[in-house]
Structure formats: structure tokens, C-alpha cells
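In what follows, a structure is listed as C-alpha cells, so that the remarks can point back to it.
Values below: every heavy atom of this structure, side chains too, minus hydrogens, waters and symmetry copies. These numbers were taken from a predicted model, which means no experiment stands behind them.
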Amino acid sequence: MKIKELKLKQSYRALILWEAIMKKPYSYDGTMLGLIVLLWCIIEVNNPGTITLENFMSWIDDNPKDFDDLCNWLTEEQKRQAELMP
């Protein structure tokens with residue numbers, strides 16, 4: 001999996017999938033599990049069937065730099081979306 005080849009868009013659809021997996025209302029709790037599941041949900045809703053959650057966690061172990069890039073993307077995207085909110 002190559003990050004640059006993925007479509008990445010944070011959306012409500014990704015948050016709904018996060019809630020279905022985590023079995024609780026979405027609220028970023030600062031845990032690594034919450035972050036990993038959120039990133040996987042974003043990948044899954046925009047690139048269905050690209051990678052399973054289990055394989056994504058293995059990919060993280062094998063590609064820490066790419067995972068950092070993905071986390072940085074999410075941080076910037078959240079900042080951008082926060083600026084759009086009143």
C-alpha cells in the first residue's frame with residue numbers, strides 16, 4: 001500500500017464506520033487504537049477493500065515513516081476543517 005496512491009478524505013462516513021467498529025459514539029480519545037481505527041476507516045471508505053484493519057496494523061509496524069506521514073495528513077486536515085467551522 002502506498003499512501004500517495006490512496007484517496008484520502010475525512011468524512012462523516014468514516015466517523016460512522018469508526019463508531020460501528022468501536023461500538024461507541026465518535027470522540028477522539030487520544031489513544032493509539034482510536035487513531036489507527038480512524039485512519040483505517042478513512043482509507044476504507046475512500047478506497048474500499050484496499051487493506052484490512054489487521055493488515056493495516058501490520059503495515060504500520062513495517063512502515064513507520066509512512067504512518068507518520070498519514071498522521072501528519074490527518075492533523076493538517078483536522079486543522080483545515082476546524083478553520084471552516086464558525
Exercise. Would you say L33 and I16 are hydrophobically clustered, going by side-chain heavy atoms of ILVMFWY under 4.5 Å?
Worked result: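 No, because L33 and I16 fall into different hydrophobic clusters, even though each may have its own neighbours under 4.5 Å.
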Pairwise distance [atom1]([X]) to [atom2]([Y]) - rounded to 0.5 angstrom:
X   : Y   : atom1 : atom2 : result
K9  : I43 : NZ    : CD1   : 16.0 Å
Q81 : K79 : CD    : NZ    : 13.5 Å
T50 : E5  : OG1   : CD    : 10.5 Å

Minimal non-hydrogen separation, [X] against [Y], with atom names:
X   : Y   : result
L17 : W40 : CD2-CZ3, 4.0 Å
M57 : I36 : CG-CG2, 3.8 Å
A14 : C41 : O-CB, 3.5 Å
W18 : G34 : NE1-O, 3.3 Å

Between [X] (side chain only) and [Y] (backbone N and O only), is there a donor and an acceptor less than 3.5 Å apart?
X   : Y   : value
E19 : Y26 : yes
N46 : L8  : no
Q10 : I42 : no

Exercise. Going by heavy atoms in the side chains, are W59 and D66 under 4.5 Å from each other?
Worked result: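 Yes, at least one pair of side-chain atoms sits under 4.5 Å.
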Exercise. So do L6 and K2 actually touch side chain to side chain, heavy atoms under 4.5 Å?
Worked result: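 No; the side chains remain at least 4.5 Å from each other.
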Exercise. Sequence neighbours excluded, which residues qualify as salt bridge (charged side-chain N to carboxylate O under 4.0 Å, His left out) partners of E77?
Worked result: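 Salt bridge (charged side-chain N to carboxylate O under 4.0 Å, His left out) list for E77, sorted by chain: R80.
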For this session: Not counting sequence neighbours, which residues clear side chain to side chain donor-acceptor pair (under 3.5 Å) with T31? List them please.
Result: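 Applying side chain to side chain donor-acceptor pair (under 3.5 Å) to T31 gives D29.
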Exercise. Should the heavy atoms of other residues, nucleotides or ligands under 6.0 Å from CD of E54 be counted, would the total exceed 12?
Worked result: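 Counting neighbours around CD of E54, 12 or fewer heavy atoms of other residues, nucleotides or ligands fall under 6.0 Å, so no.
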Problem set entry | Short side-chain donor-acceptor distance under 3.5 Å, N55 and T52 |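 Judged by distance alone, the side chains do pair up.
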For this session: Please step through side-chain contact (heavy atoms from CB on, under 4.5 Å) for the pair L35 and F67, ending with a clear verdict.
Result: CA-CA 11 Å; L35 174 63; F67 179 64; 4.1 Å; yes
